[in-house]
Amino acid sequence: MVNAQAGGQWYPPEWPERIRALADGGLTPVVPKRAATVMLLKGTGDGPAVYMLRRRASMAFAGGAYAYPGGGVDPRDDDRHVRWAGPSRAWWADRLGVDGAQAQAIVCAAVRETYEEAGVLLAGPTPDSVVGDTTGDDWEADRAALVARETSFAEFLDRRGLVLRSDLLGAWTRWITPEFEPRRYDTWFFVAALPAGQRTRNASTEADRTVWITPRAAAGAYDRGELLMMPPTIATLRRLAAYGTAAEALDAAPERDLTPVLATARLVGGEIVLSWPGHDEFTQHIPIGGAPA
């Protein structure tokens with residue numbers, strides 16, 4: 001079950017109770033898991049479109065909400081034998097604010113999850129090339145093995161003789177799930193352009209619909225309450241709407257602030273005030289014992 005606040009903002013009904021428990025000291029925050037998600041872009045006559053998935057309504061977390069391909073880090077993504085092209089692991093560590101092993105894992109998760117959920121692979125046989133069509137049966141078997149964690153991403157790349165193209169990614173923003181959530185993720189958002197010759201497909205078992213949509217159109221649908229989204233999703237869409245091409249967005253990525261955005265909840269009088277630093281539009285006032293206002 002999900003609730004919508006202003007526009008199409010996703011709102012879980014159990015938040016007020018959990019926020020009160022956190023404020024009262026009766027809830028211990030869980031440690032967030034590392035995760036990565038990718039805003040995959042392609043050119044259209046109206047500017048770049050972004051690839052989005054609608055999470056199945058049956059999903060325990062954010063069912064029915066639109067999101068980007070992404071997911072958690074596989075512990076094996078730290079493997080030091082990953083074939084690598086683009087900025088060094090040290091460069092990525094500095095950019096992402098983590099150590100070298102974690103930086104590799106986060107970048108690997110971004111590339112791997114995009115392949116698992118959209119069938120798009122940011123890798124090639126050489127440091128300056130990208131694979132073409134990945135829709136064949138042999139590719140699908142490899143993708144399914146990755147999803148089932150029967151093989152690691154490093155093993156997959158080695159067997160295929162492929163190099164991960166970290167230079168095709170741009171780190172865009174970082175959001176951490178609020179402390180009162182039972183499922184928490186420390187998520188890095190990336191931008192990337194759809195490689196020539198590759199096609200997206202709904203390869204995710206967690207999504208019942210996919211769409212290519214311009215950020216401006218998606219934000220408008222959210223404002224009208226037609227598309228349900230979590231705060232990080234609509235926030236990134238609003239920022240992406242300023243760019244006329246995918247290349248412009250990628251060029252802007254290195255200057256983007258990656259200071260983590262973490263929602264805070266405080267008790268003020270007879271209500272809980274929930275806010276996301278730097279994103280006033282998501283502020284919610286929740287009467288104690290009632291629904292959000």
Side-chain angles (χ1 to χ4, degrees), residues 36-43 48-51 68-93 95-96 100-172 188-204 210 212 245-247 249-251 253-254:
T37 189
V38 176
M39 299 174 285
L40 194 62
L41 304 173
K42 73 173 182 179
V50 62
Y51 184 71
Y68 312 114
V73 167
D74 180 339
R76 295 173 297 179
D77 288 336
D78 293 87
D79 193 316
R80 286 288 180 177
H81 300 295
V82 171
R83 297 171 182 242
W84 193 271
S88 68
R89 291 167 179 80
W91 184 94
W92 278 107
R95 179 72 181 114
L96 302 179
Q102 292 186 78
Q104 175 178 286
I106 293 162
V107 171
C108 279
V111 176
R112 176 178 49 73
E113 288 285 343
T114 303
Y115 182 50
E116 289 182 9
E117 296 197 341
V120 171
L121 183 59
L122 304 177
T126 64
D128 57 357
S129 64
V130 184
V131 297
D133 185 10
T134 63
T135 59
D137 290 343
D138 57 335
W139 285 104
E140 178 57 25
D142 283 344
R143 191 198 65 80
L146 285 168
V147 172
R149 299 296 181 261
E150 294 170 354
T151 187
S152 72
F153 192 55
E155 291 167 342
F156 161 71
L157 292 177
D158 280 344
R159 189 171 58 76
R160 285 274 182 179
L162 298 175
V163 180
L164 182 149
R165 292 287 307 276
S166 78
D167 55 317
L168 299 182
L169 288 170
W172 192 259
W188 284 261
F189 286 68
F190 296 85
V191 288
L194 177 68
Q198 293 196 37
R199 294 176 288 166
T200 55
R201 64 186 187 280
N202 184 7
S204 173
T210 63
W212 280 101
T245 65
L250 280 163
D251 287 345

Determine, step by step, whether D138 and R160 satisfy the salt bridge (charged side-chain N to carboxylate O under 4.0 Å, His left out) criterion, reporting the C-alpha distance in whole Å, the side-chain angles of both residues, the deciding distance to 0.1 Å, and the verdict.
CA-CA 11 Å; D138 57 335; R160 285 274 182 179; 3.5 Å; yes
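- Using modelled atom types, one finds a donor on one side chain and an acceptor on the other under 3.5 Å when comparing T200 with W212.
- The line from CZ of R83 to CG of D158 is 5.0 Å long, rounded to the nearest 0.5 Å.
- Between L121 and V111 the shortest heavy-atom distance is CD1-CG1, 4.3 Å.
- V191 has its side chain out of reach of Y68: every pair of non-hydrogen atoms, C-beta onward, lies at least 4.5 Å apart.
- Aromatic rings from Y115 and F153 are positioned such that their centres are separated by 6.0 Å or more.
- V107 has its side chain within reach of W84: a pair of non-hydrogen atoms, C-beta onward, lies under 4.5 Å apart.
- With contacts defined as side-chain heavy-atom distances shorter than 4.5 Å, the pair V131/Q198 qualifies.
- Side-chain contact between V82 and R89: present, with at least one pair of heavy atoms (C-beta onward) separated by less than 4.5 Å.
- The minimum heavy-atom distance between P69 and E113, with the atom names listed, is CB-O, 4.4 Å.
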Give the intermediate values and the outcome of side chain to side chain contact (heavy atoms under 4.5 Å, CB included) for residues T134 and V120.
CA-CA 7 Å; T134 63; V120 171; over 6 Å; no
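- R76 places a side-chain N or O within 3.5 Å of a backbone atom of R149 that can act as its donor or acceptor partner.
- Looking at F190 and T37, their side chains never come closer than 4.5 Å, going by heavy atoms from C-beta outward.
- Smallest separation of non-hydrogen atoms from A193 and L122: O-CD2, 4.3 Å.
- Side-chain contact between D77 and R112 is present, with heavy atoms from C-beta onward closer than 4.5 Å.
- When all heavy atoms of D251 and P254 are compared, the closest pair comes out as O-CD, 3.3 Å.
- Within the 4.5 Å cutoff, no side-chain heavy atoms of L194 are placed close to those of L41.
- Side-chain atoms of R165 never come within 3.5 Å of backbone atoms of A85 as a donor-acceptor pair (strictly under, hydrogens ignored).
- In this structure the side chain of L96 never reaches within 4.5 angstrom of the side chain of W91, judged on heavy atoms.
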